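Computed over heavy atoms, backbone and side chain alike; hydrogens, waters and symmetry mates excluded. Each chain gets a letter, A, B and so on, in the order the sequences are listed, and its residues count up from 1. Note that the structure is predicted; figures quoted are calculated from it, not measured.
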Amino acid sequence: MAQIRLENLWKIFKTKTEEVQAVRGINLTMPSGQLTVFLGPSGCGKTTTMRMIAGLEKPTSGKIYIDNEDVSNLKARERDIAFVFQSYALYPHMTVYQNVAFPLKAQKTPKDEIVKRVKWALELLGIWQYKDLYPSHLDSGTQQKVAIARAIVRRPKAFLLDEPLSNLDAKVREYTRAELRRLHIDLKVTTVYVTHDQVEAMSLADEIVIMKDGVIQQTGKPREVYENPANLFVANFIGSPGMNLFKARKEKDTIILGNLKIPVSHLRRYKEILPGYKESELILGIRPEYLKISSSNANGWKVEIEFIEPLGDEKIVDFSNGTLKGRLRTYRSTQVQEGEEVSIHIDIEKIRLFDEKSGCELLTMHDNEEVKA
Amino acid sequence: MKTKMLSDRGIALLFILPTILILVFIVVYPLIWSLFLSFTDYSVVGTEKPHFIGIKNFANILKDEYIWLHFQNTAKYVIMAIAIQFFLGLGIALLLNREFAGRGILLTLVLSPMMLSPIVVGLFWRYILDANWGVLNYFTSLIGLPKIAWLGEKEMAMYALVIVDTWMWTPFMILISLAGLSAVPKELYEAAEVDRASTWFKFRHITLPLIAPLLLVGLLFRTMDAFRMFDLAWGLTQGGPGTATSTISIALYRMAFQNFETGKACAFAYIILILIIGMSNIYIRFLNRLQKRGG
C-alpha cells in the first residue's frame, strides 16, 4: 500500500523527424489503497504516464514519488510495483504455475513460501485447476487472470493495469470487471488502471483521471465527472451517448436555446456568476436522461423526432430543433415515432453551461479565475 | 476438333514427373548403386567386375586404427569448433541485439566470412598463418611473441583449423542467435523487469529457453556441416602435417579418389551417413521436446 504522487511530469518522445509531447506537466496524487483510473482516447498519454510510474519509461522531466520517496531515477525492478500488460505478457514457455511463481523466484523467495503464495493467488482468482497448462492452451480470459495472479502474488506496493480487459469478449469483460473490483476491495492495494472505455472507468474507479493530449482534463469521483464535467471534452467523452451540447445565447437575464427561453433565475447553479458573464454565445450541456418526452406539456421544448435507436430496455431518440440536434434516453415503452413532433421537458437543475471559446464549464472557470486572482 | 482432356491428376503427374525422374537418376540411383558397391571389392579404375564380399568392407573399416584416427581428429575438431562458435556467436549476437548507429553495416561486415567459398578461405588463411612470412606471425612478432609454426606442428595445425573454421562459421551462429533474440517479445522483458528479475535471471529464464529451439537448429546445421567438412581443411592443410588435421572426409576422399578403393569408400561413406543421421536424430528429438512446451 502506497501513495503515488506525480509532480510536473513530462514525457517527450523524439524521433529523427519529429517530437511528440506525450505527457505534458502532470500533477496528481493517488492516495494509498485507492483505485485510480486514467481515462482518455488513444494517444492521450495515459499509458505513457503509467509506464513512467512503473519505471519502464524515463520521464523527460518531473518527479514520481512512491510513499514520499523519489523513485524517478530508480529502475523498474527497484520500485516494487506490479504491472499487468494489455497483451498479458505471459511467459510462453512456462506453465501457469511457473508464470505466477516467476516474480517470487526472481526474488529468491524460499520454496515453501513460493508454493503457499502461488496457491493463494491462483485460488483467489479461481484458476488453480489450470496450474500445469501453458498459456497458449488457455482462453484470453484465463490468461488475463494468470497475469493478474502474477501481479498480486508478490504483494507489491501498487498495481498498474494497462487496458487489462480490452482483449476480452464483451461478456467475459463484464464479468472480469466485477472480479477486478472485488479483488481491489479484498486486497486494498493502490491501483492505477488505464482504459479508453468510460463504462469500465465509471464502474471501477474510486477516482477518474481524464486525459487528453497529454494533459489532465479533470480528476474526480465517477459521479462527479459525470454530473459536473469540467469542460466540453469531458462532457462529450463521458457517458454513452455523451452530453448533449447545444449552441445557446445569453440575452440579458435569459438563456436562449433555439426557440426556448430559460430565465437565468431558474438556473440556481449559475445564478451568481451569470450576470457577470460577458460573452453572449455559450454552450448549453444536458445529459440525454435529463430530457423527457412529455406530449402534454405545452411549455416544453418543441422538437422533431428524427431517429429511434432501440437498446433493449431503453431507447435512444435523436431529435432536432432547427439547426440544433440532440439525443435523449427514454423507456422502451415510450410511444414515439420517427418524424413526430413532440415537446421535451428539460430538467433545469441538470443544465451545465460552457464557455464557447475555452470549452470550460462556467463555474469551474469562474472558480479557477478566483483562485488565480 | 475433339481433344482428349487431361484429368487433374494427369496434369499434376505431368508436372512432377520430370523432377521425379531427375531425382531418381541423380540421387536415388547412385544411393542404391553405392549401397550395392559397398558390399563389393569394386575399384573404379580396375578392370574387374564387382565381386560380392559381404560386410568385409564395413568390418575392415571399423577395425582399421588408421581410420579411427580420422574419427578422433574429426571429433576433436567438431567439438572444439562448434563449442567456440556457439558461445562466441551467442555472445556477439547479444551485443548486436540493440539499436545503435552503424548496426546495419557492422552486421554485414560481421556476416561476410560466411559468404566466401571455404576452399578460398582455407587457401588465404594458409598464407596468413604461414610460419615465416604469414601476417599473423608478423603481427605477433611485433609485440614480442615468438613465431608459431601454425600449420607445421601437429597440435597447432588442429587449433589453426578450429580458428579458421570459427572465423568462417561464427557468423552463422550469430545470425541464428540474432533471429532468435529479436523474436522474443519486448514485453516479456518489461514484465520480468517489473517482476524484479535481475539481468542474469532474465537471460537464464526468458531469453535462453525462448531461443533454445533456434539455437538447437543452428547447432544441428553446424554439426552436420562440420562433420562432413572437407574443403576448408583441404585448402588449409590438406590434412597435414601427417594426419594431424585429416578428417573423415579427407580420409574418404583419399580412399575414393587417390587409392580408388571404390567399394570400401562406399562402405565408409555409408558409415558416415549413418553417424550423421544418428546425431541429427538426437538433436531433433531434443528440439521436439522443447517445442512441445506451450509452443
Side-chain angles (χ1 to χ4, degrees), chain A residues 15-16 47 50-51 53-57 74-96 98-109 132-138 143 146-162, chain B residues 90 93-94 97-106 176-219 283-295:
Chain A
T15 63
K16 273 176 193 157
T47 295
M50 183 146 92
R51 287 174 62 87
I53 298 173
L56 295 173
E57 213 77 67
L74 293 186
K75 284 185 177 151
R77 76 172 88 111
E78 295 162 330
R79 295 192 187 186
D80 194 12
I81 268 178
F83 199 109
V84 176
F85 291 81
Q86 187 172 2
S87 61
Y88 317 142
L90 297 176
Y91 309 119
H93 57 294
M94 298 182 196
T95 61
V96 167
Q98 289 166 329
N99 261 284
V100 177
F102 184 91
L104 300 174
K105 259 176 82 182
Q107 282 184 105
K108 302 198 171 69
T109 313
D132 296 323
L133 295 182
Y134 288 96
S136 59
H137 299 143
L138 305 172
Q143 288 186 16
V146 178
I148 293 169
R150 189 175 66 184
I152 63 173
V153 75
R154 217 181 65 222
R155 305 199 187 137
K157 284 186 185 160
F159 292 142
L160 309 180
L161 297 103
D162 184 12
Chain B
L90 181 57
L94 285 168
N97 187 35
R98 64 196 73 185
E99 289 299 317
F100 56 85
R103 181 177 184 263
I105 293 170
L106 187 64
I176 292 273
S177 308
L178 263 181
L181 289 173
S182 56
V184 181
K186 231 183 99 201
E187 269 179 352
L188 297 187
Y189 292 116
E190 291 188 337
E193 174 71 22
V194 288
D195 283 343
R196 322 192 82 186
S198 65
T199 310
W200 167 250
F201 197 83
K202 277 189 266 185
F203 178 75
R204 169 71 189 77
H205 292 279
I206 295 175
T207 311
L208 216 48
L210 285 177
I211 64 171
L214 214 60
L215 291 182
L216 220 57
V217 172
L219 275 181
Y283 277 123
I284 289 167
R285 237 178 242 177
F286 203 59
L287 194 67
N288 281 339
R289 221 172 61 205
L290 282 180
Q291 279 174 341
K292 258 196 205 125
R293 305 179 319 195

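Looking at A:Leu133, neither its backbone nor its side chain comes within 4.5 Å of chain B, counting heavy atoms on both sides. In this structure, the portion of A:Glu78 lying under 4.5 Å from any heavy atom of chain B is its backbone and not its side chain. With a 4.5 Å cut-off on non-hydrogen atoms, B:Lys202 touches chain A through its side chain but not through its backbone.
In B:Arg103, the CZ atom is crowded: over 12 heavy atoms of neighbouring residues, nucleotides or ligands sit closer than 6.0 Å. No more than 12 heavy-atom neighbours from other residues, nucleotides or ligands sit within 6.0 angstrom of CZ on B:Phe286.
With rounding to the nearest 0.5 angstrom, the CG atom of A:Asn99 is 9.5 Å from the CG atom of B:Asp195. Here the straight-line distance linking atom CG of A:Leu56 with atom CD of B:Glu193 works out to 7.0 Å at 0.5 Å rounding. Rounded to the nearest 0.5 angstrom, B:Ser198 OG and A:Lys108 NZ are separated by 6.0 Å.
Of all heavy-atom pairs between B:Ala191 and A:Tyr91, the closest is C-OH, 3.6 Å. Considering every non-hydrogen atom in both B:Leu210 and A:His93, the closest pair reads CD2-ND1, 3.4 Å.
At distances below 3.5 Å, not a single donor-acceptor pair connects side-chain atoms of A:Arg77 with backbone N or O atoms of B:Val194. Proximity of a side-chain donor or acceptor of B:His205 to a complementary backbone N or O of A:Lys105 within less than 3.5 Å is not detected.
Looking only at side-chain heavy atoms (C-beta outward), B:Arg196 and A:Arg79 stay at 4.5 Å or farther from each other. Residues A:Phe85 and B:Leu188 have side chains not in contact (no heavy-atom distance under 4.5 Å, counting atoms from C-beta outward).
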Chi angles and distances behind the side-chain contact (heavy atoms from CB on, under 4.5 Å) call for B:Glu190, A:Arg51 | CA-CA 10 Å; B:Glu190 291 188 337; A:Arg51 287 174 62 87; 2.5 Å; yes
